[in-house]
Amino acid sequence: MATIINGKELALSLKQRLAADVATFDAKYGRTPHLVVILVGEDAGSVSYVTGKAKASAEVGLRNTTIRKPDTITEAELLGIIDELNADSEVDGILVQLPLPKHIDSDKVISAISAEKDVDGFHPMNVARLWLKQECTLPCTPKGIIKLLKSAGVEIAGKNVVVIGRSNIVGLPVSKLLLNENATVTIAHSRTKDLADVTRRADILVVAIGRPKFVTADMVKEGAVVIDVGVNRDPETKKLCGDVDFAAVESKASAITPVPGGVGPMTICCLMENTVECFLRKMEKTNG
Ligand code: GUN
């Protein structure tokens with residue numbers, strides 16, 4: 001039976017540590033870090049993520065503003081809001097919840113956010129800096145995955161890691177972070193031939209393909225560490241489930257993250273950490 005890697009517990013302890021730091025900021029800097037989240041439309045998943053971000057901000061002691069706009073907002077209006085937030089010296093982090101409605105160009109919106117306030121790590125400048133190994137804001141889910149592996153005592157250096165998924169948000173950046181940890185990284189995806197042959201070579205398997213219970217036991221090597229990034233509805237039970245068939249894979253893996261309670265809480269925790277990092281960089285610039 002696999003060890004269940006408990007992301008909820010780790011996120012809680014990291015948030016408590018962060019809260020203790022944040023509690024000293026008012027006296028040191030005269031204010032607390034401020035995160036602004038912009039939500040366009042009413043997508044149930046997005047509303048739930050944004051609510052989670054506001055709750056975590058309160059737990060850590062961050063100021064949180066959520067701006068909700070109807071999905072009829074124009075691109076120009078959204079860009080106008082971002083310009084104002086970029087210019088506001090009391091805003092430290094800006095996050096636009098994705099996906100955006102089709103009439104809005106997400107790339108344009110992400111690029112409009114000041115790279116210094118880009119707590120998602122999605123701005124082209126932060127992406128470039130990640131690939132150049134320069135100081136930057138790391139995307140939250142990949143950052144959380146590395147923390148989970150390290151906290152579970154998983155050795156990454158020299159291991160064969162297979163990442164299923166090549167998105168800008170998870171697959172590509174987590175591959176780079178794992179490479180930085182000296183893993184041998186293979187990026188697989190929906191067009192990979194003989195996918196099961198590839199995944200069976202993985203000592204560590206990271207799954208971010210967005211299909212419920214896509215990874216089955218026959219795709220996993222005995223004793224592998226399995227990280228499940230998926231958040232899906234099980235088409236049969238309608239319950240939350242990951243990209244991995246947890247019940248079947250659990251008996252084969254040496255360690256596995258559950259859904260919910262694995263990667264998800266770590267993503268939010270890293271968003272809190274990124275907001276604090278952006279705030280501190282700014283304070284160092286203005287005071288130093
Ligand atoms: N939608 C799904 N995941 C994310 C994320 O990490 N950041 C943002 N902004 N939107 C998302």
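Side-chain atoms are counted along with the backbone in the values below, which use heavy atoms only and exclude waters and symmetry mates. Start at 1 and go down the list; that is how both ligands and their atoms are numbered. Position 1 is the first residue of the sequence; numbering continues from there.
- Atom 3 (N) of ligand 1 is never approached by the protein to below 4.0 angstrom, counting heavy atoms only.
- Tested against E273 for a side chain to side chain donor-acceptor pair (under 3.5 Å), the candidates R17, K147, K15 yield a single pass: K147.
- Scanning the protein heavy atoms around atom 7 (N) of ligand 1, the nearest turns out to be D120 OD1, 3.1 Å.
- For ligand 1, the atoms lying closer than 4.0 Å to a non-hydrogen atom of L95 are 9 (N).
- For the pair Y49 and ligand 1, no heavy-atom separation below 4.0 Å is found.
- Annotation for E77: atom CD counts as buried by contact number, over 12 foreign heavy atoms lying within 6.0 Å.
- Between K221 and V162 there is no side-chain heavy-atom pair separated by less than 4.5 Å.
- Atom 1 (N) of ligand 1 has L98 O, 2.9 Å as its closest protein atom, hydrogens excluded (heavy atom only).
- Between V96 and ligand 1, an N or O atom pair is found at a separation short of 3.5 Å.
- With L14 as reference, C269 is the one residue of S151, C269, P265 to meet the side chain to side chain contact (heavy atoms under 4.5 Å, CB included) rule.
- Within the 4.0 Å heavy-atom cutoff, T141 does not count among the residues contacting ligand 1.
- Using a 4.5 Å heavy-atom cutoff, the side chains of I94 and S114 are not in contact.
- Just one residue in the list T275, T65, D88 forms a side chain to side chain donor-acceptor pair (under 3.5 Å) with H34, and that residue is T65.
- Considering backbone and side-chain N/O of Q97, one or more are found under 3.5 Å from N/O of ligand 1.
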